[in-house]
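Values reported hereafter were calculated over all heavy atoms of this structure, with side chains retained and with hydrogens, waters and symmetry mates removed. To find a chain, count down the sequence lines: A is the first, B the second, and so on, and within it residues start at 1. All of these numbers come straight from a predicted model, not from anything done at the bench.
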Amino acid sequence: MIEVLFFAQVRERLDCASLTVALPESGLDLDALQAQLIAEHGADWGDVLGQDNIIRAVNQTVAQGNPALRDGDEVAFYPPVTGG
Amino acid sequence: MIEVLFFAQVRERLDCASLTVALPESGLDLDALQAQLIAEHGADWGDVLGQDNIIRAVNQTVAQGNPALRDGDEVAFYPPVTGG
Amino acid sequence: MSEPRLSVRVQVEDFDPGALQDSLLAGAAGEGAVATFTGYVRRSNEGENIASMRLEHYPGMTEKSIAGIMAEAAGRWPLLAAAVVHRVGLLVPGERIVWVGVSSAHREAAFSACEFVMDYLKTSAPFWKKEVGPGGERWVSARASDDARAGRW
Amino acid sequence: MSEPRLSVRVQVEDFDPGALQDSLLAGAAGEGAVATFTGYVRRSNEGENIASMRLEHYPGMTEKSIAGIMAEAAGRWPLLAAAVVHRVGLLVPGERIVWVGVSSAHREAAFSACEFVMDYLKTSAPFWKKEVGPGGERWVSARASDDARAGRW
């Protein structure tokens with residue numbers, strides 16, 4: 001299983017804080033996971049997850065490129081940060 | 001009268017913290033005051049007050065160039081500062 | 001030189017900058033320089049009054065990413081200790097929100113590392129601010145100028 | 001914007017950084033950012049242990065020149081308040097010697113002004129340190145690197 005988390009505007013617009021995705025036998029990379037979430041949930045999810053400035057983290061580190069995912073990975077989608 | 005102050009190494013090497021100098025009718029500028037102090041006190045004072053890095057202040061502001069002095073002025077000679 | 005002592009705390013509670021500075025020095029009393037930064041909730045933003053603010057974060061990643069930022073700072077500058085405290089939850093204008101303290105034998109290192117950590121807290125640590133004002137709630141927009149500042153390091 | 005509140009104190013007594021930060025904000029509670037710097041007496045200098053240190057200054061000019069430095073900072077950056085406390089007299093290693101605090105709505109301004117004031121305290125304010133160590137007393141030499149830092153502003 002892969003744990004998927006959403007934060008801030010992304011969480012609010014999707015009305016979802018977290019969900020789990022089964023890892024298929026054929027494997028899954030980050031782009032494929034994102035496409036699968038949009039395919040399953042529709043155009044609204046496409047609008048939110050498809051934004052240019054969305055940030056993707058795998059195992060609490062910002063993802064570079066399109067890494068392959070492994071069982072037990074934690075993936076997060078969130079908007080630009082505004083702390084400090 | 002002009003009040004002349006010495007600080008830190010300058011004060012220790014001259015063994016003098018302050019003295020007063022009468023302002024002559026003909027006037028006095030900062031270079032002339034410095035030359036007069038050396039002339040009156042000898043070569044030791046020349047060694048100390050003649051150092052390249054000595055700082056001269058008039059009325060508690062670092063002097064630029066060779067200002068004319070006025071009655072009641074406060075003049076100070078001191079080494080490079082080391083606070084903070 | 002021994003490893004610098006690094007600490008990260010994310011908490012709902014307020015904090016005391018003076019006590020934090022004392023803790024920063026604990027065990028290795030003052031040596032040279034301490035630079036600190038304290039951030040406060042603004043009273044207005046883009047002309048609109050702020051009634052309160054809610055801070056959300058990504059538990060786990062927050063602490064991990066800040067620890068990473070501090071370790072990077074410790075690799076760039078000779079630090080003795082560094083600490084970050086960042087609040088989350090509901091905050092009202094004027095309240096303290098973040099504290100960064102850095103101790104070093106050299107003041108340039110203390111200043112630079114403190115500013116470096118703050119720049120990255122603004123641009124990389126997973127915190128999000130939502131302002132609650134007379135006109136309703138709105139998420140604070142990321143400032144391009146913050147990214148530009150972080151990019152200069 | 002109203003004039004920033006500026007304050008200078010030269011004193012023999014120790015000071016409390018937390019209380020000073022509170023005073024800096026008094027009357028205009030937290031808004032944006034506070035950057036502070038605290039300097040401590042070093043435990044060694046150029047390899048020699050320091051038993052204690054005596055700080056001399058030029059009463060009157062000290063306060064005047066620091067006030068001038070702060071006014072210059074307030075002209076360069078949008079400050080809400082700034083304060084300097086500098087100790088004189090006999091100090092032992094690890095003791096606090098100087099504190100600079102700057103409050104601004106903008107963190108860049110707070111950091112820059114705080115560092116600017118510290119650089120000028122090191123290079124222009126009439127203080128002199130005399131170290132008292134096992135090998136006797138010696139005046140601390142001015143560091144060329146401090147002048148170079150002050151010159152960059």
Check your understanding: With a 4.5 Å heavy-atom cut-off, do Val41(C) and Val92(C) have their side chains touching?
Key -> no
Check your understanding: Does the side chain of Gln51(A) reach to within under 4.5 Å of the side chain of Arg13(A), using non-hydrogen atoms?
Key -> yes
Practice item. Count the heavy-atom pairs under 4.5 Å between each of His86(C), Glu56(C), His57(C) and chain A, then report the option with the highest count. Key: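 Heavy-atom pair counts peak at Glu56(C).
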Using non-hydrogen atoms and a 4.5 Å limit, figure out which bit of [X] sits close to chain A: side chain, backbone, both or neither.
{"X": "Thr62(C)", "value": "neither"}
{"X": "Lys122(C)", "value": "both"}
{"X": "Ser65(C)", "value": "neither"}

Centroid-to-centroid, [X] to [Y], below 6.0 Å?
{"X": "Trp77(C)", "Y": "Phe116(C)", "result": "yes"}
{"X": "Phe6(A)", "Y": "Trp45(A)", "result": "yes"}
{"X": "Trp99(C)", "Y": "Phe37(C)", "result": "no"}

Review point. Can you tell me how far CG of Leu91(C) sits from CZ of Arg54(C), rounded to the nearest 0.5 angstrom?
Key: 9.5 Å
Point to revise | Contact class of Leu5(A) relative to chain C, heavy atoms under 4.5 angstrom | key: side chain
Point to revise | Under 3.5 Å side-chain donor-acceptor pair for Gln9(A) and Trp128(C) | key: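 Result is no, nothing qualifies.
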Check your understanding: For chain C, which of Thr61(A), Ile55(A), Val62(A), Asn53(A) has the most heavy-atom pairs under 4.5 Å?
Key -> Thr61(A)
Practice item. Indicate yes or no: does Glu131(C) engage Arg42(C) in a salt bridge with an N to O separation below 4.0 Å. Key: no
Practice item. Decide, yes or no, whether a salt bridge links Glu95(C) with Arg87(C) under the criterion of side-chain N to carboxylate O below 4.0 Å. Key: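 Salt bridge between Glu95(C) and Arg87(C), a charged N being under 4.0 Å from a carboxylate O: yes.
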Exercise for review: Can you check whether anything in residues 66-75 of chain C gets within less than 4.5 Å of chain A, heavy-atom wise, and list it by number?
Suggested key: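 None at all.
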